[in-house]
Amino acid sequence: MARRFTDAIGLLNDLLDRFEAGATSPIAHPDYAAFSSVVAADAFLNQIRKAESAGAVSIGWGRGAKRDQVAHVRLASAEILYPYLDRTPASRIAEDAAARLIAGVALHESLKNSGSQIAEVWARGKSWHGFGSSDVDTLRHAFVLAQAILDNKHLDVDYKTFSRRTVGHSKILERIERAVVRLLSGIMDFPPGARPREALRAIGLERFAPPLLIAGKIDLDGADLSGISPHYLGISPKEADRVRFREPPAYILTIENFASFNRHIAEADPGRLGTTMYVGGYPSLATQQALRTIARLVPEETPIFHWSDIDPDGTWIFRTIERAVDRPIGPHLMSVEVAERLGQVPFKKSAPARCPPDSGIAALAAYLAEDGAKTLEQEELDPVLPELHEKMRRGSTRCGSR
């Protein structure tokens, strides 16, 4: 669609904008139908002619009855038009900004490459995920924060403290967490469906670790809870080593969804046959460490299960917990059969977790990678006890097959 203008300076700047975006010889047109008067049209033409006289643009004239009208204006020399408009080239602005972006910071090689790519984007007059060259100081904070995470300076520190210690501002990370995750995504393994805050939680950076909710016949070291019989117990993940089982649980079940957690302990296991834990979506690093601690408190023969949505995110959460506890776990109400019977084909497809053939989620992950695979939210299912009498399906189905 032709670009039409009544403002001559706007037209000339548009030619440079498109030149910076990659057009070699951009063209723009007057909008004769929109001029407020003949005087305005004449003033427009005079300004364009001055730019032509300077050698910055060339004018294409109309034909026939319109031979006295400007048909189009073509960029002739960007080198002349820049000073004519008293405008600094985007490439020079980008060069200066890029130098400031990473100056004096010892960065991982991938972060250096990201800096170079951002400079190239800025040189074309574009923004990088909403950050223009004028935002260099803010984006520099993202680079510094990303490098600090690679240096493990984020461990055991909350959001605001980490941000303050690293860049001197306690709220910066909350504002630019998306940029930080984008910079790290090519270096660290983040779940593809996770929001930035969830991705940072998964590597150990969060505002404050949420409590670990546990339902079962348990006590805390030094505290007998048998006479209290709470609905469930909430503890700091760091206190997981204080958990004591009054008797070995028949199973351990971790659940992603809070409503499903409450329904399971109230409807499926009111007698606390097993121990049920709420992990709250992508489990934080602190929660992963707590799950590992608790898994080591029960005998090897005690089966461990996880219940998530039947979707790619659910397989990532399952695989995260499976790696965390470092022992076989089985999927609870997460099967190809349940998906085919009750699920629906999602509008948008995403990648399931990468898993080895002996992973408990291998069969479901392979299914979800196929075209036409169905997904299902776990809240759609009524809670039931895990099938304790069956062997856990750990590796009977290889990734890539159903």
Side-chain angles (χ1 to χ4, degrees), residues 1-5 7 9-28 56 75 78-79 81-150 159 162-163 166-188 190-200 205 348 350:
M1 184 176 178
R3 294 173 182 262
R4 300 187 179 278
F5 296 84
D7 174 46
I9 299 301
L11 181 149
L12 297 174
N13 274 300
D14 179 75
L15 293 176
L16 286 181
D17 289 343
R18 285 186 286 146
F19 171 76
E20 292 176 343
T24 56
S25 187
I27 291 176
L75 178 65
E79 291 75 12
L81 187 54
Y82 277 117
Y84 181 85
L85 294 176
D86 193 24
R87 170 169 165 170
T88 303
S91 57
R92 191 182 307 162
I93 295 174
E95 183 179 348
D96 294 342
R100 290 166 52 199
L101 185 64
I102 61 175
V105 183
L107 294 176
H108 185 281
E109 195 63 33
S110 291
L111 292 180
K112 291 180 182 178
N113 292 337
S114 295
S116 298
Q117 293 168 5
I118 292 170
E120 292 175 3
V121 172
W122 285 347
R124 298 195 300 272
K126 304 294 184 180
S127 64
W128 180 82
H129 298 294
F131 291 89
S133 56
S134 60
D135 302 313
V136 59
D137 292 331
T138 300
L139 192 56
R140 177 181 168 86
H141 288 322
F143 274 84
V144 175
L145 289 165
Q147 183 59 53
I149 289 172
L150 292 176
Y159 249 55
F162 172 68
S163 186
T166 306
V167 295
H169 300 281
S170 63
K171 297 182 179 180
I172 287 293
L173 177 57
E174 294 182 44
R175 290 169 44 198
I176 60 173
E177 58 191 4
R178 185 177 300 275
V180 173
V181 171
R182 285 192 180 278
L183 291 173
L184 291 172
S185 59
I187 309 171
M188 307 185 79
F190 293 124
R195 293 185 292 270
R197 192 155 297 177
E198 293 173 331
L200 293 176
L205 183 59
K348 183 178 180 182
S350 58

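Contact between Ala94 and Ala119 at its shortest, heavy atoms only, is CB-O, 3.7 Å. Minimum heavy-atom separation, Ala78 to Phe19: CB-CE2, 3.6 Å. Scanning all heavy atoms of the two residues, the minimum distance from Pro196 to Val181 falls at O-CG2, 3.7 Å. Between Ala194 and Ala199, the shortest heavy-atom contact is CB-N, 4.0 Å. When all heavy atoms are compared, the tightest approach of Ala56 to Leu75 is O-CD1, 3.7 Å. The two atoms that bring Ala28 and Leu15 nearest to each other are N-CD2, 3.8 Å, heavy atoms only.
To the nearest 0.5 Å, atoms CG (Leu173) and OG1 (Thr166) are separated by 8.5 Å. The CZ atom of Arg3 sits 6.5 Å away from atom CZ of Phe5, with the distance rounded to the nearest 0.5 Å. Taken from CD in Glu120 to OG in Ser91, the straight-line distance is 12.5 Å, to the nearest 0.5 Å. Taking CZ of Arg182 as the reference point, atom CD of Glu177 lies at 12.5 Å (rounded to 0.5 Å).
Legend: side chain to side chain donor-acceptor pair (under 3.5 Å) pairs involving residues 103-117, not counting sequence neighbours: none detected. Residue pairs meeting the side chain to side chain donor-acceptor pair (under 3.5 Å) criterion with at least one partner in residues 17-28, sequence neighbours excluded, are Asp14-Arg18, Asp17-Arg87, Glu20-Tyr82, Glu20-Arg87, Ser25-Arg74.
Contacts of Asp7 classified as side-chain contact (heavy atoms from CB on, under 4.5 Å), with partners at least two apart in sequence or in another chain: Ile9. For Lys171, the side-chain contact (heavy atoms from CB on, under 4.5 Å) criterion is met by Lys160, not counting sequence neighbours. For Ser134, there are no side-chain contact (heavy atoms from CB on, under 4.5 Å) partners two or more places apart in sequence or in a different chain.
Within the 4.5 Å cutoff, side-chain heavy atoms of Tyr159 are placed close to those of Leu205. Side-chain contact between Arg175 and His169 is absent, with no heavy atoms from C-beta onward closer than 4.5 Å. Contact of the Arg4 side chain with the Leu11 side chain is not registered, since no non-hydrogen atoms from C-beta on lie closer than 4.5 Å. Contact annotation: the side chain of Pro89 never approaches that of Ile93 to less than 4.5 Å [non-hydrogen atoms, C-beta and beyond]. Residues Leu145 and Ile176 have side chains in contact (heavy-atom distance under 4.5 Å, counting atoms from C-beta outward). At a threshold of 4.5 Å between non-hydrogen side-chain atoms, the residues Phe190 and Glu198 do not count as touching.
Residue-environment remark: CZ (Arg178) stays at or below the threshold of 12 foreign heavy atoms within 6.0 Å.
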Apply side-chain contact (heavy atoms from CB on, under 4.5 Å) to residues Leu183 and Gln147 and explain how you reach the verdict.
CA-CA 9 Å; Leu183 291 173; Gln147 183 59 53; over 6 Å; no
Could you go step by step and tell me if Phe131 and Ile118 meet the side-chain contact (heavy atoms from CB on, under 4.5 Å) rule?
CA-CA 9 Å; Phe131 291 89; Ile118 292 170; over 6 Å; no
Evaluate the side-chain contact (heavy atoms from CB on, under 4.5 Å) criterion for residues Leu111 and Val105: first the C-alpha distance (whole Å), next the side-chain angles of each, then the deciding distance (0.1 Å), finally the verdict.
CA-CA 11 Å; Leu111 292 180; Val105 183; over 6 Å; no
Validation: residues 135-143 side-chain donor-acceptor distances under 3.5 Å, sequence neighbours left out:
from	atom 1	to	atom 2	distance (Å)
Asp135	OD2	Gly132	N	2.8
Asp137	OD1	Arg100	NH2	2.9
Asp137	OD2	Arg100	NH2	3.2
Arg140	NH1	Arg100	O	3.0
Arg140	NH1	Leu101	O	3.4
Arg140	NH1	Ala103	O	2.8
Arg140	NH2	Ala103	O	2.9

